[in-house]
Amino acid sequence: MTTNFWKDLPKPFFALAPMADVTDAAFRRIIAKYSKWGGQDVIDREGKFTRPKATAVGGPDVMWTEFVSADGLVLAPEAGKKKILKDLEYSESERPIVAQLFGSRPENMEKAAALCASLGFDGVDINMGCPDKTIEKQKAGAAMIKNPELAREVILAAKRGAPHLPISVKTRLGYNKDEIETWLPHLLSCDLAAVVIHARTRKEMSSVPARWERIKRAVEIRDASGKDTLIIGNGDVEDLESGKLKVEETGCDGVMLGRGIFGNPWLFSGLHQRSDLKECLNVLIEHTKLFEELLGGIKNFSIMKKHYKAYVDGFSSAKELRMKLMEAKNAREVESIVQDFIKAI
C-alpha cells in the first residue's frame, strides 16, 4: 500500500528547498529545532524577543535532503558509498523528509529509490532542474527537460524501486525557453505526487525575477488535466508572508523557500527577523558543533563558513567577527571566538 504524506499536508504548505552544501543533515536538524514553534513574538522591556512556552508547532511542512547521485549510490565502492550516504542521513525531527536523487540511468534510479525506501524516507524526489554542467553532462538535472522520454523512464524506474512511496519531481519552466505548456503535461502523465517548479528556465538561471504568473498557468494546466498532482512554486520567496501571497496569486498548493534560510533557522517559525544577537551567535556555535559531529571527516569544514557570512551580519563589529571566524579551523576555535565576542558586548 502506497503511503502518500502529501495528501495529509495542510494547504498552503511550505517546504525547505534542497541546496547542495547548505541544507545538509546538520543544518536541517538546526532548522527543525528552531523553526518548530508557533504563536506571536513577544518583545520584553529590553527589546529582546521571547517566545510563548508550550508551543511546538511550525517548521517546514516538508524537508528535502541535498541531491544525491543515484549512480553513486549504486556504483560507488563501499568507502565512496558510505560517504554519499551521509547526504541521506536525517533525524525524526525532520519528517516528512524527502530524499532527492539525480541521474539519467533508469536501472540505477530504480535501485537508488529502493535504497531510499529501505532507509525510511517519506518520499523520493527526482532533480530535473539543476543547471550544474557536471550534472548535465550525465544527462541529469535540467538536461532531463531536453529528453522527456528519458525523464519518463527515470520516473517510472523510481516508482518501481519505491512502489510504496510518493514520487515527485523538482524542475524548471523549461531549458532555453519556457516549455511549461508541453513539459508539465508530460510530467503530469507520469502520475507524480507533486511537481516543484522553479519559475525560471535553465538558461535564465537566477538572473531574472522568478515568473510566478507561470506557476499560475501550471496550476491551470494541472486542473485541466484532471490529475491530483500538487503544484509547488519556487523562486524569490523570502519568508512565509510573501509565500502566502504567492499562493493567493497563483492557486498553487505549496511554496518552497530556499535562500531566506541562510543564517535564519527561525524562518519557518513565522518570525520576520532573527532572534536577539546572543541567541543567534549561540545557534551558530551549536550548528558548527553539529556539523563537526555529523559530517566531520566527510565534508570540508570550510562549508560552514558560508553560513558564518549570514549569521554574522547587520550589527556593529560584524565584519571583524566574520574575519576571525573565516580563520577558524574547527568548532572549538569557533566557540572560543564567539564566546569572547559575546563577553565583550
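The figures that follow rest on heavy atoms only: side chains count, while hydrogens, waters and symmetry mates do not.
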Counting neighbours of [atom1] on [X] that are heavy atoms of other residues, nucleotides or ligands and sit closer than 6.0 Å, is the number greater than 12?
X      : atom1 : result
Lys306 : NZ    : yes
Lys216 : NZ    : no
Met326 : CE    : yes

Exercise. Could you give all pairs that pass the salt bridge (charged side-chain N to carboxylate O under 4.0 Å, His left out) test and reach residues 68-84, with sequence neighbours left out?
Worked result: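 Of all non-adjacent pairs touching residues 68-84, those that pass salt bridge (charged side-chain N to carboxylate O under 4.0 Å, His left out) are Asp71-Arg105.
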
Problem set entry | Pairwise salt bridge (charged side-chain N to carboxylate O under 4.0 Å, His left out) hits with a residue in residues 248-269, at least two apart |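 As it turns out, the salt bridge (charged side-chain N to carboxylate O under 4.0 Å, His left out) pairs with a partner in residues 248-269, which skip direct neighbours, are Lys11-Asp253, Arg222-Asp253.
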
Can you find a heavy atom in the side chain of [X] that is under 4.5 Å from one in the side chain of [Y]?
X      : Y      : value
Val334 : Leu284 : yes
Leu257 : Ile261 : no
Thr201 : Arg172 : no
Ile155 : Leu187 : yes
Val68  : Leu85  : no
Arg29  : His287 : no
Leu281 : Val312 : yes
Glu136 : Arg202 : yes

Distance in Å, [X] [atom1] paired with [Y] [atom2], rounded so as to fall on 0.5 Å steps:
X      : Y      : atom1 : atom2 : value
Arg211 : Ile197 : CZ    : CD1   : 12.0 Å
Asp24  : Ile303 : CG    : CD1   : 7.0 Å
Ile298 : Glu292 : CD1   : CD    : 13.0 Å
Met144 : Ile126 : CE    : CD1   : 7.0 Å
Ser93  : Arg95  : OG    : CZ    : 10.0 Å
Asn300 : Asp21  : CG    : CG    : 9.5 Å

Contact summary for [X] and [Y], nearest pair of heavy atoms:
X      : Y      : answer
Ala113 : Leu101 : N-CD1, 3.9 Å
Gly80  : Ala76  : C-CB, 4.1 Å
Asp122 : Pro166 : O-CD, 3.2 Å
Ala20  : Glu66  : C-OE1, 3.6 Å
Pro265 : Phe27  : CB-CE1, 4.4 Å
Ile221 : Pro185 : CG2-CG, 3.9 Å

Exercise. Pick one: which of Asn127, Asn234, Asp125 meets side chain to side chain donor-acceptor pair (under 3.5 Å) with Lys170?
Worked result: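 Result for side chain to side chain donor-acceptor pair (under 3.5 Å) with Lys170: Asn234.
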
Indicate yes or no for a side-chain donor-acceptor contact from [X] to the backbone of [Y] under 3.5 Å, with no hydrogens or angles considered.
X      : Y      : answer
Thr229 : Leu188 : no
Trp212 : Gly235 : yes
Lys86  : Leu294 : yes
Ser35  : Phe268 : yes

For this session: Look at Lys299 together with Asp87 and state whether they make a salt bridge at an N to O cut-off of under 4.0 Å.
Result: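 Result for this pair is yes, salt bridge flagged.
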
For this session: Please determine if Arg200 and Asp236 form a salt bridge, counting it only when a charged side-chain N lies under 4.0 Å from a carboxylate O.
Result: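 So Arg200 pairs with Asp236 through a salt bridge.
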
Exercise. With no hydrogens and no angle check, do the side chains of Glu94 and Ser91 hold a donor and an acceptor under 3.5 Å apart?
Worked result: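 Ser91 and Glu94 do have a side-chain donor-acceptor pair below 3.5 Å.
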
Exercise. Just checking, any donor-acceptor pair under 3.5 angstrom between side chains of Glu279 and Tyr34?
Worked result: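 There is no such pair (donor and acceptor under 3.5 Å, judged by atom type) between the side chains of Glu279 and Tyr34.
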
Those residues that, when tested against [X], pass side-chain hydrogen bond (donor to acceptor under 3.5 Å, both in side chains) (two or more places apart):
X      : result
Glu110 : Arg160
Ser206 : none
Lys289 : Glu335

For this session: Give the intermediate values and the outcome of salt bridge (Lys or Arg N to Asp or Glu O under 4.0 Å) for residues Arg214 and Glu181.
Result: CA-CA 10 Å; Arg214 301 306 287 160; Glu181 302 288 342; 3.4 Å; yes

For this session: Return the orientation label for the His186 and Trp183 ring planes: parallel under 30°, perpendicular over 60°, tilted otherwise.
Result: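 The rings of His186 and Trp183 lie parallel, inter-plane angle below 30°.
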
Exercise. Hey, what's the ring geometry for Phe102 with Phe67, parallel, tilted or perpendicular (30° and 60° as the breaks)?
Worked result: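 Ring orientation of Phe102 relative to Phe67: tilted.
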
What pairs with [X] under ring-ring contact (aromatic ring centres under 6.0 Å, His included), at least two apart in sequence or on another chain?
X      : answer
Tyr308 : none
Phe121 : Tyr90
Phe13  : Trp6

For this session: Go through Ile342 and Asn282 one step at a time and tell me if the side chain to side chain contact (heavy atoms under 4.5 Å, CB included) criterion holds.
Result: CA-CA 9 Å; Ile342 289 174; Asn282 279 318; 3.9 Å; yes

Problem set entry | Candidate pair Glu220 and Arg217, rule salt bridge (Lys or Arg N to Asp or Glu O under 4.0 Å), full reasoning | CA-CA 5 Å; Glu220 293 171 350; Arg217 178 59 186 145; 3.2 Å; yes

Could you give the side-chain donor-acceptor pairs of residues 145-153 under 3.5 Å, partners two or more places apart or in another chain?
unit_1: Asn147; atom_1: OD1; unit_2: Leu150; atom_2: N; d: 3.2
unit_1: Arg152; atom_1: NH2; unit_2: Ser189; atom_2: OG; d: 2.9

For this session: Output, in order, the C-alpha distance, side-chain angles, deciding distance and verdict of salt bridge (Lys or Arg N to Asp or Glu O under 4.0 Å) for Glu286 and Lys33.
Result: CA-CA 11 Å; Glu286 183 181 357; Lys33 178 178 177 179; 2.8 Å; yes

Problem set entry | Set of salt bridge (charged side-chain N to carboxylate O under 4.0 Å, His left out) partners for Glu179, sequence neighbours left out |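 Expected list: none.
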
Exercise. Listed by chain and number, what are the salt bridge (charged side-chain N to carboxylate O under 4.0 Å, His left out) partners of Lys305, not counting sequence neighbours?
Worked result: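 So Lys305 forms no salt bridge (charged side-chain N to carboxylate O under 4.0 Å, His left out) with any residue.
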
For this session: Could you please spell out the steps behind the salt bridge (Lys or Arg N to Asp or Glu O under 4.0 Å) verdict for Lys324 and Glu327?
Result: CA-CA 5 Å; Lys324 289 180 180 179; Glu327 298 298 319; over 6 Å; no

Problem set entry | Whichever hydrophobic residues join Val74 through chains of side-chain contacts under 4.5 Å |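 Val74 shares its hydrophobic cluster with Leu75.
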
